[in-house]
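Keep in mind that what you see is a predicted model, and the values were worked out from it rather than measured. In what follows, chains carry the letters A, B, and so on, assigned in the order in which the sequence lines appear, proteins first and then strands, with residues in each chain numbered from 1.
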There are 2 protein chains.
Amino acid sequence: MTRRHEEIADELRRAIGDGSYPVGAALPSESELAAAHGVSRGTLRQAFGTLQSEGLIGSRQGARRVVLAATPSQSFTELRSFAQWARAGGRTPGGRVLSAHRGKATDAEAAQLQLAPGDEVLHVLRIRTLDGDPVLLERTVYAGWCAEAVEALPDDCESVTQSLYDAVGLVMSHGEHHLDAVPAGTVDARELSVRRGSPLLRVRRTTTTAEGRPVETSDDRYRPGTVVFTVRNSVQANPLARTTPDH
Amino acid sequence: MTRRHEEIADELRRAIGDGSYPVGAALPSESELAAAHGVSRGTLRQAFGTLQSEGLIGSRQGARRVVLAATPSQSFTELRSFAQWARAGGRTPGGRVLSAHRGKATDAEAAQLQLAPGDEVLHVLRIRTLDGDPVLLERTVYAGWCAEAVEALPDDCESVTQSLYDAVGLVMSHGEHHLDAVPAGTVDARELSVRRGSPLLRVRRTTTTAEGRPVETSDDRYRPGTVVFTVRNSVQANPLARTTPDH
DNA sequence: GCATGCCACCTGTCTGGACAAGCCATCGTC
DNA sequence: GACGATGGCTTGTCCAGACAGGTGGCATGC
């Protein structure tokens with residue numbers, strides 16, 4: 001670790017987490033901390049910026065920074081894979097492929113994956129478990145160019161994201177998630193052990209590489225009660241919203 | 001607007017939005033743009049940072065920045081009030097208070113609002129509309145210390161967040177949202193014009209001031225089909241996730 | 001006692017410079 | 001033609017300094 005601003009952010013995160021700076025307390029000023037760590041104010045501001053984007057601290061011009069929360073939220077903002085997310089919460093993730101077959105992309109799929117209509121894609125239906133209980137049914141469409149790598153994975157692959165990274169260096173670095181609620185269909189009901197028509201949380205997502213190349217698009221349905229999505233945010237985290245609310 | 005970095009971010013956002021830089025295209029280098037705008041590289045990086053946190057562009061050391069998406073996501077990350085969010089999407093927000101009464105905080109409510117059990121709180125049941133259609137039923141609990149300000153608001157107040165800011169300078173600057181799916185209850189069904197038991201997207205949220213003082217906690221239920229929550233994210237947006245995924 | 005004005009302090013913004021690390025097209029070699 | 005090395009360009013990181021504008025506490029005056 002040679003990046004000073006990350007070191008400092010880590011240290012502050014730890015100090016906040018262990019209660020050295022309780023929620024509501026004011027942090028030392030930039031100049032003090034910069035001097036204490038032997039870095040310039042700019043580097044320290046970079047570290048503060050990281051914590052701010054995590055929702056741990058808030059700031060106002062003129063006043064000292066304030067601790068808003070003790071632990072970073074385990075939210076989308078980290079774009080975790082299901083497996084990473086599960087383990088971060090101390091649960092054991094599992095999974096199994098129910099079906100996988102190649103086919104031609106529909107117009108909608110092609111548009112989302114930036115392919116030509118009719119290009120080959122890979123459809124995968126996968127059930128995901130947490131401590132053995134089914135919680136999530138994934139209907140994923142992979143772009144043809146990464147189908148082979150996905151097919152090579154074992155049926156009970158624990159973390160697809162991790163495995164694709166290990167196998168072919170593919171990094172899912174960007175995603176867009178749409179959330180709504182839908183009634184369980186016949187397949188949903190059977191696989192998730194719920195009654196047909198009962199509410200499911202649906203997350204439609206498209207994941208792309210760092211270059212903006214779409215990798216997969218998926219319709220994920222979560223059984224309620226077992227998984228709750230958490231989003232923590234603050235006006236400070238986004239410069240867009242920092243201004244006074246407009247009329 | 002005297003902040004150069006915001007001006008530049010706005011300009012770039014517009015250029016990306018109108019297709020001057022299509023999705024997938026590379027942007028000019030920092031040095032070029034800095035020279036073109038007559039600012040230092042630092043200021044330009046600040047503007048780029050804003051766009052990056054919005055998910056519009058991505059970057060890798062050594063390569064030019066790339067356009068990832070054409071429109072900023074209207075997501076939680078901005079912690080918009082319902083009214084602001086609606087208007088940003090070109091819709092007309094509305095609303096009406098169905099009932100409001102003071103009461104004693106339950107243990108759960110007290111914990112979430114950081115009050116003592118039994119302290120006075122204000123319960124408000126509010127329906128929210130978009131272009132006249134009911135889309136959201138809010139069950140909100142306000143801490144006693146801001147009850148008066150809330151009661152003073154008109155029944156059909158369009159933006160509670162805005163009004164509280166105008167009236168008493170209260171700024172909702174931080175929030176935590178929990179999302180899941182629930183079946184519609186009797187009241188939900190009647191007010192949102194759906195069948196009982198049909199799926200609703202539930203968002204339980206707690207909002208606090210910049211100092212971390214909880215203002216309200218709410219159970220919001222959205223009628224599906226009309227509102228979709230969108231979260232866009234990238235590993236770049238959050239330094240926590242920038243490292244290689246761990247096993 | 002209370003309001004007011006002042007002032008030290010702190011954060012936000014911006015500059016101009018420097019070096020490290022990564023990317024990629026070009027060139028030369030095999 | 002395929003392959004590998006090179007070097008220019010670009011982004012990431014960091015520094016030292018400057019000024020503007022907001023905050024909050026203290027002292028003054030009513």
Rounded to the Å, how far apart are A:Arg3 CZ and D:dT11 P? 18 Å

Here the pair of heavy atoms bringing B:Ala9 nearest to B:Ala47 is N-CB, 3.8 Å

Quick one, which residues of residues 41-48 of chain B touch DNA chain C with a heavy atom under 4.0 Å? B:Arg41, B:Thr43, B:Gln46

Is there a donor-acceptor contact under 3.5 Å from the side chain of A:Glu109 to the main chain of A:Thr106? yes

Residues that B:Arg205 engages under side-chain hydrogen bond (donor to acceptor under 3.5 Å, both in side chains), provided they are two or more places apart: B:Glu216, B:Asp220

Partners meeting side-chain hydrogen bond (donor to acceptor under 3.5 Å, both in side chains) with B:Glu138 (sequence neighbours left out): B:Arg126, B:Arg128

B:Asp219: which residues meet the salt bridge (Lys or Arg N to Asp or Glu O under 4.0 Å) condition with it, sequence neighbours left out? B:Arg202, B:Arg221

What string of B, S and - do you get for nucleotides 20-27 of chain D, 5' to 3', when a contact is any protein heavy atom under 4.0 Å? -BBSS---

On the nucleotide D:dC14, are OP1 or OP2 found under 4.0 Å from the side-chain N or O atoms that A:Arg4 carries? no

Non-hydrogen side-chain atoms of B:Ile8 and B:Leu33 separated by less than 4.5 Å: no

Output all residues satisfying side-chain hydrogen bond (donor to acceptor under 3.5 Å, both in side chains) with B:Asp18, sequence neighbours left out; order by chain, then residue number. B:Ser20

Rounded to whole Å, please give me the gap between CZ in A:Arg65 and C1' in C:dT11. 7 Å

Could you pull out the closest heavy-atom pair between A:Ser218 and A:Thr140, with the gap in Å? OG-OG1, 3.1 Å

Among residues at least two apart in sequence or on other chains, which ones pass side chain to side chain contact (heavy atoms under 4.5 Å, CB included) with B:Gln112? B:Thr206, B:Thr217

Could you check how far CD1 of A:Ile8 sits from P of D:dC14, rounded to whole Å? 8 Å

Under 4.0 Å from any atom of DNA chain C, heavy atoms only: list the residues of residues 29-40 of chain B that qualify, in numerical order. B:Gly38, B:Val39, B:Ser40

Set of residues satisfying side chain to side chain contact (heavy atoms under 4.5 Å, CB included) with respect to B:Gln61, sequence neighbours excluded: none

Rounding to 10 degrees, work out the angle separating the end axes of the helix from C:dG1-D:dC30 to C:dC30-D:dG1 (five pairs an end). 10°

Tell me which donor-acceptor pairs under 3.5 Å the side chains of residues 23-31 of chain A have, and how far apart each pair is, sequence neighbours excluded?
unit_1: A:Ser29; atom_1: OG; unit_2: A:Glu32; atom_2: N; d: 3.3
unit_1: A:Glu30; atom_1: OE1; unit_2: A:Arg41; atom_2: NE; d: 2.4
unit_1: A:Glu30; atom_1: OE1; unit_2: A:Arg41; atom_2: NH2; d: 3.1
unit_1: A:Glu30; atom_1: OE2; unit_2: A:Arg45; atom_2: NH1; d: 2.8
unit_1: A:Glu30; atom_1: OE2; unit_2: A:Arg65; atom_2: NH2; d: 2.3

My understanding is that only residues two or more places apart in sequence, or in another chain, count here; which of them pass salt bridge (Lys or Arg N to Asp or Glu O under 4.0 Å) with A:Glu11? none

Do A:Leu12 and A:Thr50 touch side chain to side chain, with heavy atoms closer than 4.5 Å? no

